[in-house]
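All residue numbers refer to positions in the sequence shown, counting from 1.
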Amino acid sequence: MKKFVIKKSTTAAEISYIIDYRNELNPQQYEAVTSIKGPFLVIAGAGTGKTRTLIYRMAYMVENKIDPQSILLLTFTRKASEEMMRRASTILDERCKSVSGGTFHSFANSILRKYALYIGMPPNFTIVDRSDAEDILNIIRTEMGLNKKDRRFPRKNTLLDMISKSINKCIPVDDIVFQYYSQYKEDIDTILKVSEQYVRFKKEKMVMDYDDLLINLKKLLENNEEIRKKISNTYKYIMVDEYQDTNRLQAEITILLASEHHNVMAVGDDSQSIYSFRGANFRNIMDFPSYFPGTSIITLEQNYRSTKPILDLTNGIIEESKEKYSKELFSTIEGVQKPVYIDGVEETNQSAFIVNRVLELREEGVKLDEIAVLFRASWHSNDLEVHLKTANIPFIKFGGLKFAEAAHIKDIMSYLRVIHNPFDEVAWLRLLLLLEGVGPGTGKKIIDSIFYEGGNLNALIAEPWGKKKFSGELRKLHELLSILKKGKIKPVRMLELVLEYYVPILESTYDDYRKRRLDLESLLRISERYGALEQMLTEMVLEPPNTSQVDTEASDNEDEKLVLSTIHSAKGLEWHTVFIIHLVDGYFPSMQSMDEGEDLEEERRLFYVAATRARQNLYLISPELEVRSFSWNNVSPYSMAFSDPSMFITEMRNFGDLTEIGVLEFEKEDPF
């Protein structure tokens, strides 16, 4: 009879580890790394080594003889997962590269390729990117006769935004329209039909868009118990990075994937949940213990980025949150400089202070790319951009086109450019194409006629245009330009007149006109400092924008560039010195979020994210702002002041963690 020998199991204590985990990690990181069986929620405060923890946990599991292919690492970018596996391989060995890693979407694609028939799709289905998805919607839009110019209907990109928001937020399309696109509420029934046709088209053509990958993976796991069990038992150890940024669909997929074993570790920071506009659901991280009973919560609190005075402030910011996982960030990094708060300055002096301080820091040896100016909304940097250009400080902007490169700003400047130079063909073509019924060919003929007449504006109302269907629009344009050309009108008054004319065009041309309107108000404020049109055009007119480019660089070849960024685009990054500007109620927090509720709580978290980007210096500025606005009915512009410091600043003053230097003193003659 064959003898059977029962081998003694190897415990963790008996394993000879290649990596000295205890000495490589702090106690909280070590706990997270060595916690394997069961559900875990790791609350990783800003700068506490979240990525390092995930990397060492991968290595630790591999050293414990866990099959790398049974480990699933879900991240928000492919680059992030690849970098983590590469670093894990560096500290251990090549086995770590066999870990199953990727984004939710790439993982969904790999599973659906195997089981596509179970969801009624062939294995060779096509995945369409955003551009292709927009083109499909445009085909449907055209077939339904919704592309005719006699009626206004959402463009293809707006339609896709509506549908995608509905899916990622798990909210019906009609509710999305009411909440985010109220100008189209009369078209809800038609929009719903377009959405239905979009689903039908994709099914017939055997294609999926990005959202379909998640929807169909969830359906597959929910409706096929055998497949769900098989997949769950294949990936016995699951890690999800940036869990606070998951949407409802991704959270439900995580629950289904871990259904057979509950060996899931979600890593994230509730205090950095700031992407609700993309569909991220704050409740996912807060309710994780409810979905996974018996969850152990591990908190990482040792910060490796910022000085103690900065952390004292950031701890105070988040302490005011109504719902949170409590944590107290601490640091061993030396530093005595408290965050500096500046109050009561005009917007132009806010910009002048930043320019002066940036130049001082550079002389002190701090590189430009180690300095960042952060703001709540992209248009908040408009005034600063003008100052930086005047001071010849190169910069790169993240979170939207540079102000002067935005299409609607280019539109406005075109009216002023043709007044300054009636032979500016580029400007003429731009403003003519904004007119209903004028295409490139007709526009060129009108321009040729103007040039033939020596730049005479009367060419706009001469034959043969007088009998064309767009003749009325040309007469309105002629009237506006004739007024602008008469006498010496200051740039700010010229802009007021242009805006009264342009606002209806803005509304009919851009679906997101409400957001773009803020730029126009900002442009009015900027124009007040100029006494002559030529000076303004010289400093404001740049090259035409590349609208496909999100991160736009200044047009120079400097290696170092000051960073301008929305806070949303700055998450995950850090700088030696950080300026946070426009800390005024109505700007930050935004006007739409001022009421008590989840929106205001997210604004507080956004402030926390901004402040935790700083390593050594943090400057907070609350300028006094006067918004020159205008109505939609061609009524004269009006002014509205925003001067109350942000409610977040008021809270911070109670903690005594700010060095307040009061109103800045500047020479009366502004060099800008």
Side-chain angles (χ1 to χ4, degrees), residues 149 404 406-440 442-510 513 516-517 519-528 530-537 540-541 628-638:
K149 288 192 174 183
H408 49 296
I409 298 299
K410 298 287 287 184
D411 291 345
I412 291 294
M413 298 307 291
S414 292
Y415 295 98
L416 302 183
R417 284 169 58 179
V418 298
I419 292 300
H420 180 66
N421 174 14
F423 295 98
D424 188 336
E425 184 169 353
V426 173
W428 270 117
L429 186 59
R430 187 179 193 95
L431 63 87
L432 287 172
L433 290 180
L434 291 170
L435 303 181
E436 187 76 25
V438 177
T442 301
K444 184 65 168 63
K445 291 177 182 178
I446 296 173
I447 292 169
D448 288 343
S449 177
I450 294 171
F451 290 178
Y452 182 78
E453 295 294 330
N456 193 325
L457 295 178
N458 289 332
L460 286 170
I461 54 176
E463 296 294 343
W465 326 118
K467 296 180 181 179
K468 299 288 185 180
K469 60 181 180 181
F470 51 80
S471 60
E473 297 300 319
L474 285 176
R475 282 195 294 273
K476 292 178 184 177
L477 177 61
H478 175 265
E479 181 180 353
L480 169 68
L481 297 179
S482 297
I483 294 173
L484 295 177
K485 202 167 181 66
K486 289 180 180 177
K488 293 184 178 180
I489 307 176
K490 287 188 175 182
V492 62
R493 179 53 185 157
M494 295 179 79
L495 268 177
E496 289 173 352
L497 294 169
V498 171
L499 290 176
E500 290 176 12
Y501 167 87
Y502 176 74
V503 164
I505 296 175
L506 175 80
E507 184 176 351
S508 63
T509 303
Y510 302 103
Y513 68 89
R516 293 174 185 265
R517 177 188 174 193
D519 277 343
L520 304 186
E521 295 171 351
S522 185
L523 182 60
L524 268 175
R525 293 204 309 276
I526 290 172
S527 69
E528 291 177 341
Y530 297 105
L533 179 60
E534 182 177 358
Q535 181 192 10
M536 180 176 176
L537 291 176
M540 289 291 297
V541 176
R628 298 291 302 277
S629 192
F630 46 89
S631 80
W632 300 104
N633 299 313
N634 290 341
V635 178
S636 297
Y638 61 89

Residue list, side-chain hydrogen bond (donor to acceptor under 3.5 Å, both in side chains) with H420, at least two apart or on another chain | none

Search all heavy atoms of [X] against all heavy atoms of [Y] and return the closest pair with its distance.
{"X": "S414", "Y": "R430", "result": "OG-CD, 3.2 Å"}
{"X": "S527", "Y": "P491", "result": "O-CB, 4.2 Å"}
{"X": "L533", "Y": "M494", "result": "CD2-CE, 3.9 Å"}
{"X": "I447", "Y": "L429", "result": "CD1-N, 3.6 Å"}

Tell me, with the steps shown, if R493 and E496 meet salt bridge (charged side-chain N to carboxylate O under 4.0 Å, His left out).
-> CA-CA 5 Å; R493 179 53 185 157; E496 289 173 352; 3.0 Å; yes

Taking the side chain as every heavy atom from C-beta outward, state whether [X] and [Y] have any pair of such atoms under 4.5 Å apart.
{"X": "L497", "Y": "Y501", "result": "no"}
{"X": "D411", "Y": "I505", "result": "no"}
{"X": "K410", "Y": "R417", "result": "yes"}
{"X": "I419", "Y": "L481", "result": "yes"}

Applying side chain to side chain contact (heavy atoms under 4.5 Å, CB included), run through L477 and Y415 and close with a yes or a no.
-> CA-CA 9 Å; L477 177 61; Y415 295 98; 3.7 Å; yes

Run the numbers on Y502 and L520 for side chain to side chain contact (heavy atoms under 4.5 Å, CB included), then give the verdict.
-> CA-CA 10 Å; Y502 176 74; L520 304 186; 4.1 Å; yes

Donor-acceptor contact below 3.5 Å, side chain W428 vs main chain P422 | yes

Donor-acceptor contact present, side-chain S482 to main-chain H478, <3.5 Å = yes

Please identify each residue that fulfils side-chain contact (heavy atoms from CB on, under 4.5 Å) with K444, with sequence neighbours left out.
->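 With neighbours one apart ignored, the set is E425, D448.
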
Side chain to side chain contact (heavy atoms under 4.5 Å, CB included) assessment of L499 paired with I412 | CA-CA 8 Å; L499 290 176; I412 291 294; 3.6 Å; yes

